[in-house]
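The structure presented is a predicted model; accordingly, all values stated were derived computationally and were not measured.
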Amino acid sequence: VQLQASGGGLVQAGGSLRLSCAASGSNFKFSINDMGWRRQAPGKQRELVASITSAGSTNYADSVKGRFTISRDNAKNTVYLQMNSLKPEDTAVYYCNADGWTWGETVEAWRTWGQGTQVTVSS
């Protein structure tokens with residue numbers, strides 16, 4: 001299973017961006033459990049931004065509550081991150097991640113990360 005993230009860019013403080021991350025796989029069936037976004041700023045550890053379960057339950061870092069919204073479209077195997085009221089401290093590379101099961105001759109668990117997309121917020 002592969003994840004392809006998109007939607008990053010440069011925005012002024014107070015602006016908005018929407019990130020998307022689509023899961024795909026060839027020649028096998030797969031299901032997705034949890035999906036989420038993490039970010040890593042220069043010199044800092046990667047941190048949770050938001051996550052969402054297959055049932056739609058969400059979890060947010062305190063620093064983004066009320067400003068960011070995570071959602072998913074299960075039919076499209078895609079997770080979104082709507083980011084509003086962006087601040088310079090939101091500047092980071094944003095990574096999507098997901099886990100689930102592949103269904104072939106055997107059932108196997110998988111967990112993977114997207115390639116990262118840069119979000120830069122100018123003051």
Side-chain angles (χ1 to χ4, degrees):
V1 179
Q2 295 181 327
L3 299 179
Q4 180 68 45
S6 61
L10 172 64
V11 65
Q12 289 188 332
S16 298
L17 283 174
R18 188 192 195 210
L19 305 183
S20 300
C21 178
S24 63
S26 58
N27 300 323
F28 55 86
K29 293 178 62 177
F30 66 94
S31 62
I32 306 174
N33 297 333
D34 297 344
M35 305 184 83
W37 294 91
R38 282 165 167 78
R39 67 187 180 187
Q40 187 166 19
K44 295 187 177 181
Q45 290 188 334
R46 193 172 297 188
E47 63 176 2
L48 171 72
V49 177
S51 63
I52 184 167
T53 69
S54 57
S57 296
T58 58
N59 182 45
Y60 294 94
D62 288 342
S63 60
V64 307
K65 284 181 180 177
R67 300 188 298 120
F68 291 9
T69 302
I70 190 170
S71 61
R72 63 191 283 175
D73 184 332
N74 291 329
K76 295 181 179 180
N77 294 327
T78 300
V79 62
Y80 306 97
L81 186 68
Q82 178 66 45
M83 304 185 293
N84 299 328
S85 302
L86 282 160
K87 304 175 180 180
E89 50 264 43
D90 294 318
T91 296
V93 178
Y94 284 69
Y95 299 89
C96 59
N97 66 283
D99 61 78
W101 303 94
T102 59
W103 306 86
E105 292 186 358
T106 60
V107 178
E108 297 184 356
W110 59 269
R111 180 185 298 271
T112 193
W113 293 82
Q115 83 280 15
T117 183
Q118 177 70 47
V119 171
T120 303
V121 184
S122 62
S123 58

Hydrophobic clusters join Ile, Leu, Val, Met, Phe, Trp and Tyr when side-chain heavy atoms are under 4.5 Å apart, directly or via other members; which others share one with L48? none
Looking at side-chain heavy atoms only, is the closest gap between T91 and Q118 below 4.5 Å? yes
R38 and N97 have their tightest heavy-atom pair at NH1-OD1, 3.2 Å
N33 CG to S51 OG distance, which is reported to the nearest 0.5 Å: 12.5 Å
Are the side chain of R67 and the backbone of S85 linked by a donor-acceptor contact shorter than 3.5 Å? yes
Contact list for residues 2-11, test side chain to side chain donor-acceptor pair (under 3.5 Å), sequence neighbours left out: none
State which residues pass side-chain hydrogen bond (donor to acceptor under 3.5 Å, both in side chains) with S123; sequence neighbours excluded, sorted by chain then number. none
What's in the same ILVMFWY side-chain cluster as Y80, cut-off under 4.5 Å, chained through other members? none
State which residues pass side-chain hydrogen bond (donor to acceptor under 3.5 Å, both in side chains) with K65; sequence neighbours excluded, sorted by chain then number. D62
Please round to the nearest 0.5 Å and tell me the distance separating atom CG of D90 and atom OG1 of T120. 11.0 Å
Residues 110-123 vs salt bridge (Lys or Arg N to Asp or Glu O under 4.0 Å), sequence neighbours excluded, gives D99-R111
Residue list, side-chain hydrogen bond (donor to acceptor under 3.5 Å, both in side chains) with S71, at least two apart or on another chain: none
Through direct or indirect side-chain contacts below 4.5 angstrom among Ile, Leu, Val, Met, Phe, Trp and Tyr, which residues connect to W101? W103, V107
Pairs touching residues 5-35 that satisfy disulfide (SG to SG under 2.5 Å), sequence neighbours left out: C21-C96
Can you name the side-chain hydrogen bond (donor to acceptor under 3.5 Å, both in side chains) partners of E47, sequence neighbours left out? R39
Any side chain to side chain donor-acceptor pair (under 3.5 Å) pairs touching residues 13-23, not counting sequence neighbours? S16-N84
Identify the heavy atoms of A92 and A41 that sit nearest to each other, and give their distance. CB-N, 3.8 Å
Minimal heavy-atom distance between S54 and N74, with the atoms involved, is O-ND2, 3.7 Å
Show which residues join F68 in its hydrophobic cluster (side-chain heavy-atom contacts under 4.5 Å, direct or indirect), or state none. V1, V11, L17, L19, F28, F30, I32, M35, W37, V49, I52, Y60, V64, I70, V79, L81, M83, L86, Y94, W110, V119, V121
